[in-house]
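Worth saying up front: this structure is predicted, and the values here are computed from it rather than measured. Only heavy atoms go into these numbers, but all of them, side chains included; no hydrogens, no water, no symmetry mates.
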Amino acid sequence: MILVSILAGLCALSHVALGDHVKNFGPSKDVARRHSPQIFNAVHNAMRQWGSSVHHNGMSMFLATVPEGVLFHHGNDRPETPSEPDWLAYEVEHAEGFAHGFSGPPEHKKPPPDRKLGRSSYDQKVMGSKVRPSGRKAGWLHVYRTSRPLQFLYVDGMSGGKTFMGTLDTQDYLLRGDRSYGAGGREVSRAGGGPMNERLRAAELCELCDEWGLHGIIRMEAGFEIIQCNFTDGLEQIQALQRPGPSGQPGHGRGIQSFEYLRGIAERYFDIGSSRTIIDYSSMVSAFFFPVNLTNPDANRPDLPRLSNTTDAELAAIKEYFKKTLDQRRNEPRRPIDWQDVSDIIVSRYADRVDYMVNAAPSTDAIAAEISFLIDLYVDYSRTDENSRPDAIDRCTNFYLKTVTAVSEPDQLIFEAFKGVTSKICTTLFEVRDLITSSESSDESPLQTATKKLQSLMDFLAWARFRQCSGCGRDEVCVIPMWPFGAEDDYFHPRCGNSSDLSGSKNYWSGLRRP
Ligand SMILES: *[C@@H]1O[C@H](CO)[C@@H](O)[C@H](O)[C@H]1NC(C)=O
Ligand SMILES: *[C@@H]1O[C@H](CO)[C@@H](O)[C@H](O)[C@H]1NC(C)=O
Ligand SMILES: *[C@@H]1O[C@H](CO)[C@@H](O)[C@H](O)[C@H]1NC(C)=O
Ligand SMILES: *[C@@H]1O[C@H](CO)[C@@H](O)[C@H](O)[C@H]1NC(C)=O
């Protein structure tokens with residue numbers, strides 16, 4: 001008997017249990033290079049509401065630390081601190097929506113989210129409180145402070161979005177090994193507690209966090225949140241006050257309140273703020289590192305990656321790799337320069353200039369001037385030999401990558417991906433300059449050809465920055481769907497919206513319907 005179980009243990013360890021085809025399955029630099037823009041964007045958008053709304057199907061996981069002294073908010077219907085896994089919001093505006101009692105039909109019978117930004121009774125249930133028999137009543141807003149640094153699993157993208165579009169793939173398929181939500185297995189209503197088994201999801205993810213020595217999971221919906229597995233471990237309550245009743249309150253007009261929520265969340269478009277969460281990029285594990293099929297079965301949205309066609313064995317292997325990475329990274333100090341800093345410097349140098357060249361430059365001369373400005377840094381004008389060009393492109397490609405030293409295998413994969421991005425930028429810029437300055441004639445005007453090439457660079461990069469609104473007024477925010485809110489048009493064409501101008505024709509998130 002003992003021998004049998006030892007053998008079984010060995011088999012599991014050597015991945016035989018995963019099946020032959022995954023024996024040599026692992027992350028690879030080739031695959032990382034092929035997914036250069038996706039990996040670059042995952043790093044660049046981590047803990048940022050804007051980019052994570054644009055690229056809402058997150059395929060990556062990170063170890064994240066919340067330092068001591070950070071405030072979190074929790075709204076519910078009672079003065080007591082939750083005794084089970086529950087939700088913490090980074091923003092007051094987010095938690096306030098949950099600070100009341102509930103009534104009405106069970107949540108799976110509720111209508112899909114309001115297409116307006118207005119807070120419906122449905123989305124107040126999203127965090128999964130129990131159904132109350134009585135009417136809606138005043139609730140409680142709790143404030144907690146971290147009493148020491150806490151470590152979390154951060155799942156990127158719109159990972160708090162309870163949708164069938166793929167926002168839950170990493171949690172459900174990969175971490176929980178549960179394919180039912182999109183495939184007609186377990187019913188949406190089972191186990192109750194919020195849409196799409198949110199309570200059960202939290203409980204299972206917390207079991208995993210316990211096993212992995214983490215305090216919970218960081219996710220994003222309309223606002224960043226934490227599924228905190230144990231409210232008495234590393235948190236101290238600093239305030240718990242009852243809210244006013246639901247009706248007849250001055251200043252609680254639905255429109256204004258919703259808009260203030262959106263405004264609060266939009267403050268986090270580009271930064272979660274005040275170092276409230278520190279990501280260890282060297283711990284990044286992404287499906288984009290692995291040779292798996294990420295094609296979306298929904299042919300209308302090839303831009304959104306899915307894990308639906310990835311096999312169970314592949315998913316288990318990725319999870320195992322992440323666990324190993326966590327074990328290696330857990331006690332490592334954070335480095336002063338991280339990959340997101342590198343991505344910021346690259347994006348801030350190139351994004352608006354490339355955008356300008358494609359969408360606003362009046363002439364080839366204007367483009368030529370802009371490109372010269374961008375690449376002169378890398379050109380040694382004392383040289384005219386045949387290698388001077390490739391050397392310049394090489395300098396351009398590697399310039400910003402010198403600031404980080406790879407210490408982990410994920411670092412090496414991120415490096416390959418970043419290099420894929422800078423290499424594409426640099427080769428395109430040099431090519432376009434040649435094209436503009438050469439006298440060769442073609443059917444197209446040089447301006448058209450240059451614009452086309454630069455446009456395809458923008459398409460390749462798919463930077464969330466390219467989708468930002470410009471010049472919103474003080475009474476407006478740039479509107480993009482953030483679960484459960486948002487109109488379909490606003491995903492494809494984000495725009496400045498004010499408090500009376502937030503509705504759209506159709507909710508982007510397709511409600512709770514299975515496709
Ligand atoms: C929560 O954490 C506290 C403090 O570390 C501990 O005493 C308690 O047993 C934990 N609760 C559970 C359910 O693990
Ligand atoms: C990859 O997944 C897509 C979507 O599920 C599927 O149509 C395609 O056949 C798969 N490709 C391979 C090689 O399995
Ligand atoms: C992937 O898609 C192909 C083609 O649709 C299908 O035959 C195959 O069973 C799928 N594999 C998984 C693991 O879903
Ligand atoms: C919001 O914008 C619309 C359209 O630009 C405008 O008609 C409306 O007066 C604005 N509402 C407020 C409250 O400013």
Side-chain angles (χ1 to χ4, degrees), residues 29-41 43-44 281 337-406 411-442 444-463 465-466:
K29 288 185 180 175
D30 279 346
V31 179
R33 215 172 291 131
R34 253 186 281 140
H35 289 133
S36 290
Q38 288 91 341
I39 294 167
F40 183 94
N41 287 333
V43 168
H44 185 62
Y281 291 92
I337 293 176
D338 66 36
W339 284 113
Q340 192 175 53
D341 297 337
V342 178
S343 78
D344 286 350
I345 292 173
I346 293 170
V347 170
S348 59
R349 179 147 175 103
Y350 294 110
D352 288 2
R353 292 178 172 125
V354 172
D355 199 339
Y356 162 76
M357 287 189 273
V358 170
N359 292 308
S363 63
T364 47
D365 285 351
I367 294 182
E370 196 71 52
I371 291 188
S372 290
F373 167 76
L374 282 172
I375 64 183
D376 267 358
L377 171 63
Y378 312 111
V379 178
D380 178 353
Y381 284 100
S382 74
R383 284 174 57 184
T384 50
D385 59 287
E386 61 179 13
N387 285 331
S388 61
R389 155 61 59 94
D391 284 355
I393 293 181
D394 202 52
R395 251 176 250 125
C396 175
T397 300
N398 290 298
F399 194 76
Y400 293 108
L401 305 180
K402 293 182 195 300
T403 47
V404 176
T405 310
D411 281 328
Q412 292 167 14
L413 297 160
I414 298 171
F415 177 89
E416 287 304 320
F418 273 48
K419 196 170 164 184
V421 164
T422 53
S423 161
K424 178 80 175 179
I425 294 171
C426 296
T427 47
T428 306
L429 292 179
F430 276 91
E431 258 175 52
V432 172
R433 178 153 84 168
D434 283 352
L435 197 140
I436 293 176
T437 51
S438 82
S439 49
E440 274 171 45
S441 62
S442 77
E444 277 177 329
S445 74
L447 182 62
Q448 276 174 323
T449 322
T451 308
K452 252 192 207 164
K453 274 195 185 294
L454 290 165
Q455 177 67 59
S456 72
L457 173 63
M458 284 177 78
D459 295 344
F460 171 87
L461 297 170
W463 285 345
R465 166 92 162 234
F466 297 141

| said: Are Arg433 and Leu374 packed together at the side-chain level, in the sense that at least one heavy-atom pair is separated by less than 4.5 angstrom? | reply: no
| How would you list, by chain and number, every residue that makes a salt bridge (Lys or Arg N to Asp or Glu O under 4.0 Å) with Arg349, sequence neighbours excluded? | none
| task | Begin with the C-alpha distance, continue with both residues' side-chain angles, and end with the deciding distance and a verdict on side-chain contact (heavy atoms from CB on, under 4.5 Å) for Asp391 and Arg383. | result | CA-CA 10 Å; Asp391 284 355; Arg383 284 174 57 184; 2.7 Å; yes
Listed pairs under 3.5 Å, donor-acceptor, residues 358-365 side chains, sequence neighbours left out:
residue: Asn359; atom: ND2; partner: Asp355; partner atom: OD1; Å: 2.7
residue: Ser363; atom: OG; partner: Asp365; partner atom: N; Å: 3.4
residue: Ser363; atom: OG; partner: Ala366; partner atom: N; Å: 3.1

| task | Please lay out, stage by stage, how Arg389 and Asp434 fare under the test side-chain contact (heavy atoms from CB on, under 4.5 Å). | result | CA-CA 11 Å; Arg389 155 61 59 94; Asp434 283 352; 2.8 Å; yes
| said: Does any part of the side chain of Tyr350, heavy atoms only, come nearer than 4.5 Å to the side chain of Leu461, both counted from C-beta? | reply: no
| task | For Trp463, enumerate each residue passing the ring-ring contact (aromatic ring centres under 6.0 Å, His included) test, keeping only those at least two apart in sequence or located in another chain. | result | Phe40, Phe466
| said: Would you say that Tyr281 contacts Asp341 through its side chain, given a criterion of any heavy-atom pair below 4.5 Å between the two side chains? | reply: no
| field | Residues that His35 engages under ring-ring contact (aromatic ring centres under 6.0 Å, His included), provided they are two or more places apart | value | Phe288
| request: Evaluate the criterion side-chain contact (heavy atoms from CB on, under 4.5 Å) for residue pair Thr428 and Val354; output intermediate values, then yes/no. | output: CA-CA 11 Å; Thr428 306; Val354 172; over 6 Å; no
| message | If you define the side chain from C-beta out and look only at heavy atoms, does anything of Thr422 sit under 4.5 Å from Asn398? | response | no
Do any side-chain atoms of residues 412-420 form donor-acceptor pairs under 3.5 angstrom with protein atoms, and if so which ones, sequence neighbours left out?
residue: Glu416; atom: OE1; partner: Arg33; partner atom: NE; Å: 3.0
residue: Glu416; atom: OE1; partner: Arg33; partner atom: NH2; Å: 3.1

| message | Would you say that Leu457 contacts Val432 through its side chain, given a criterion of any heavy-atom pair below 4.5 Å between the two side chains? | response | no
| said: Between Arg395 and Asp380, is there a side-chain heavy-atom distance shorter than 4.5 Å? | reply: yes
| request: State which residues pass side-chain hydrogen bond (donor to acceptor under 3.5 Å, both in side chains) with Thr384; sequence neighbours excluded, sorted by chain then number. | output: none
| field | Donor-acceptor pair between Gln455 and Asp459 side chains, under 3.5 angstrom | value | yes
| field | Close side-chain approach of Tyr378 and Thr397, heavy atoms under 4.5 Å | value | no
